[in-house]
Structure formats: C-alpha cells, structure tokens
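Everything on this sheet refers to the single structure shown next.
Atoms within each ligand, like the ligands themselves, are counted from 1 in listed order.
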Amino acid sequence: MQRFGSLIVVSGPSGVGKSTLIKRVREELPDLRFSVSCTTREPRAGEEHGRDYYFLEEAEFVRKLERGEFLEHAQVFRHRYGTLRSEVVDRVRRGEQVILDIDVQGARQIREAAAHDPLIAAAVQFVIIAPPDPATLEARLRGRNSETAEQLQLRLDGALRELGFFRLYDYLVVNGDLDAAATELTAVFRAARLRTANITGELFA
Ligand code: ADP
Ligand code: 5GP
C-alpha cells in the first residue's frame, strides 16, 4: 500500500505548552519531522538556530516572503513567524509525518491553502491545545519568564480570544497534567497514520 504522509497543525495560544508537548510526542515518535519555522524574534536561552527556529533578520524574512517561500506567515505580537514550504511539502509527499507549531492565524492560512491544494487537504489535521483554565495559562507564561509585563498582557488577552475558535479544529487537547496531555497528543499522531485519506493507490497494490 502506498501512502503519502500527514501534516499535523498544533496550534493554540502562546504559553499553553505546545512546544513542551511536541517535545514529548517527538520522544515517543522519533520519526516525526518538526517543521522549523523562521522568526525575527531573538532566541531564548537554550534555543538553537536550525533546531528550534531559523532566527532571521527582518530583511532576510521579507526576502523569503517576496520569493514565495512561505506556506503561511504571520505577525505574532511584535515579530514575524513563517513556515517554509520546503519544511513541509516534499516531506509529506515522501510519506513523512510533519508537525507544525504555529499560531491560530497560521492555522487559518493552512486551512485556506488546503482549499486549493489536494495534497494538503488530504494530509492535514488540526489540533488546538487549551489550558485547563485561564489562570493556569497566566502562571505558565509568568513561569517561562521570557516576556516583559507588556508582552505578557498582550499574550494573555489574545489567548482567550483565540481559544474561542476551538470548533475550527479537528482535535482539542487540554494541557493540564503534562503526561496525560502528551499521551493524548501522541494518540492523534498515531491515528493520523491510519487515515484512509492519504492512501494513494489500491489496498493490495
Ligand atoms: P508554547 O510553546 O505554547 O508557547 P511552552 O511549551 O513554552 O508553550 O510552555 C509554557 C510554559 O509552561 C513552560 O514554562 C512550560 O515548561 C510550562 N508547561 C507546559 N506544559 C505544562 C504542564 N502540563 N504543566 C505545567 N507546566 C507546563
Ligand atoms: P514563541 O515566540 O513563543 O516561540 O511563539 C509565539 C507564537 O508563534 C506561538 O503561538 C507559536 O506557535 C507561533 N509560531 C511559531 N512559529 C510559527 C510560524 O511559522 N507561523 C505562525 N503563524 N506562527 C508561528
């Protein structure tokens, strides 16, 4: 049986635990391919260029944008973020499972791309990560300690608005207990490998 891969968009407000959960899923499923995004923000402690993000200057980001290299891109708070087509399309075509960690504006653009691109349409599934309650989200953002007070308030305000769009997603994972949430998110990835939509030929061919 021949199948192409899948594209799992993991979205949700900043600070909800997306990168922490994705790290856990990748430990469980080491053959997953993480789509490394471009960003114009500064690296945080421990982040590596090419592994966590491609950290670009504004001019370089704009050059890539003008060349049409992004599958989606967005301004998130004060910085630009974008998913390179090269991180996604050929890998899905080759049968790999690709994860995107992107904000809700990006998820919306991938949904629009799927309307014009049969490969993406067949491959994509959308997951939203939510906190168990707003206070928990605030505590996590504070705990990460990577935002100024002004940025923190911006992120919190945006978060509740974004979560209101949960019905646009295929799956909701509530990130309360980390182990339980990581198990649930891993289940989504495992199930995506069994979908009929990405089988390209006959069953016994
Ligand atoms: P995001 O990628 O969505 O912006 P992070 O993965 O950076 O969020 O998580 C934000 C903060 O919350 C980090 O300090 C992380 O260690 C913490 N965190 C994530 N998930 C949990 C959880 N289930 N329980 C407690 N703390 C968590
Ligand atoms: P952070 O700066 O905390 O790493 O990320 C801020 C937000 O940007 C998060 O919600 C993250 O999911 C989102 N993000 C990261 N990469 C991309 C991307 O390539 N495109 C979009 N649209 N959002 C992204």
Side-chain angles (χ1 to χ4, degrees), residues 7-27 33-56 60-61 64-65 69-89 98-113 124 126-148 151-152 154-163 165 168-169 172-186:
L7 176 60
I8 313 288
V9 175
V10 178
S11 195
S14 179
V16 79
K18 297 183 296 296
S19 42
T20 306
L21 281 170
I22 287 172
K23 190 160 167 266
R24 296 285 288 264
V25 174
R26 293 177 74 195
E27 283 162 13
R33 299 300 296 260
F34 178 67
S35 162
V36 178
S37 292
C38 296
T39 183
T40 58
R41 81 153 163 76
E42 294 295 313
R44 295 191 187 115
E47 284 183 333
E48 245 176 63
H49 179 82
R51 187 193 67 186
D52 301 287
Y53 280 104
Y54 299 110
F55 295 100
L56 304 182
E60 179 62 17
F61 192 101
K64 287 187 182 300
L65 187 57
E69 292 182 32
F70 291 120
L71 187 59
E72 63 74 35
H73 64 92
Q75 174 103 18
V76 185
F77 315 110
R78 297 210 310 270
H79 302 289
R80 292 176 185 264
Y81 294 82
T83 302
L84 292 167
R85 291 178 194 281
S86 58
E87 291 282 314
V88 174
V89 179
V98 180
I99 322 177
L100 300 189
D101 170 351
I102 61 177
D103 87 315
V104 296
Q105 308 168 67
R108 187 167 60 232
Q109 290 174 53
I110 301 289
R111 225 174 268 121
E112 285 161 9
V124 75
F126 294 92
V127 186
I128 188 162
I129 312 293
D133 49 68
T136 305
L137 179 61
E138 180 168 355
R140 283 188 195 154
L141 274 175
R142 283 190 199 285
R144 194 168 63 182
N145 209 11
S146 56
E147 270 81 28
T148 63
Q151 276 180 329
L152 183 77
L154 269 176
R155 289 186 176 219
L156 282 171
D157 291 346
L160 295 176
R161 196 164 4 115
E162 290 174 4
L163 287 167
F165 291 100
L168 295 175
Y169 293 76
L172 168 72
V173 172
V174 176
N175 183 20
D177 176 72
L178 181 61
D179 286 335
T183 301
E184 288 180 357
L185 187 58
T186 305

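- Among the atoms of G82, some N or O lies under 3.5 angstrom from an N or O of ligand 2.
- Between the side chain of R140 and the backbone N or O of G15, no donor-acceptor pair lies under 3.5 Å.
- Atom 20 (N) of ligand 2 has its closest protein heavy atom at E72 OE2, 2.7 Å.
- Remark: the backbone N or O of V16 is paired with a side-chain donor or acceptor of N175 at under 3.5 angstrom.
- The aromatic rings of F55 and H49 sit tilted relative to each other, their planes meeting at an angle between 30° and 60°.
- Looking at Q109, its side chain does come within 3.5 Å of a backbone N or O of H73 through a donor-acceptor pair.
- Shortest contact from atom 16 (N) of ligand 2 to any protein heavy atom: S37 OG, 3.2 Å.
- The option from Y53, F77, Y54 that lies nearest to atom 15 (C) of ligand 2, judged by heavy atoms, is Y53.
- By the 4.0 Å heavy-atom criterion, R155 is counted among the residues contacting ligand 2.
- Per-residue contacts place R41 under 4.0 angstrom from the following atoms of ligand 2 (heavy atoms of the residue considered): 1 (P), 2 (O), 4 (O).
- Rounding to the nearest 0.5 angstrom, the gap separating the CG atom in L152 from the CZ atom in R142 is 5.0 Å.
- Polar contact with ligand 2: present for D103 (N/O pair, distance under 3.5 Å).
- Near A74, the atoms of ligand 2 lying under 4.0 angstrom from a non-hydrogen atom of the residue are 22 (N).
- In summary, the atoms of ligand 2 found under 4.0 Å from a heavy atom of V76, numbered by their order in the structure, are 7 (C), 8 (O).
- In this structure, the side chain of S35 does not engage the main chain of V88 through any donor-acceptor pair within 3.5 Å.
- At least one heavy atom of R44 sits closer than 4.0 Å to an atom of ligand 2.
- Summary of contacts: the protein heavy atom closest to atom 12 (O) of ligand 2 is D101 OD1, 2.7 Å.
- Proximity of Q105 to ligand 2, defined as any heavy-atom pair under 4.0 Å, is not found for any part of the residue.
- Interface of G106 with ligand 2, defined as ligand atoms under 4.0 Å from a residue heavy atom, comprises 22 (N).
- No part of H79 comes within 4.0 Å of ligand 2, judged by heavy-atom distances.
- For R51, the CZ atom sits in a packed shell: over 12 heavy atoms of surrounding residues, nucleotides or ligands are nearer than 6.0 Å.
- Protein residues with a heavy atom closer than 4.0 Å to ligand 1 are P13, S14, G15, V16, G17, K18, S19, T20, R140, R144, N175, G176, L178, listed by chain and number.
- Atom CZ in F126 sits 9.5 Å away from atom CG in L168 (nearest 0.5 Å).
- The side-chain contact (heavy atoms from CB on, under 4.5 Å) search around V36 returns F34, Y54, E87, not counting sequence neighbours.
- Within a 6.0 Å sphere centred on CZ of F77, other residues, nucleotides and ligands contribute more than 12 heavy atoms.
- For K18, every heavy-atom contact with ligand 2 shorter than 4.0 Å involves the side chain, none the backbone.
- Within the cation-pi definition used here (under 6.0 Å to the ring centroid, within 45° of the axis), R111 qualifies as a partner of Y169.
- Checked by atom type and distance alone, the side chain of K18 never pairs as donor or acceptor with a backbone atom of I129 at under 3.5 Å.
- Among all protein heavy atoms, the one lying closest to atom 6 (C) of ligand 2 is Y81 OH, 3.6 Å.
- A donor-acceptor distance shorter than 3.5 angstrom exists from the side chain of S11 to the backbone of D103, with no hydrogens or angles considered.
- How far CD1 of I128 is from CG of L172: 7.0 Å, rounded to the nearest 0.5 Å.
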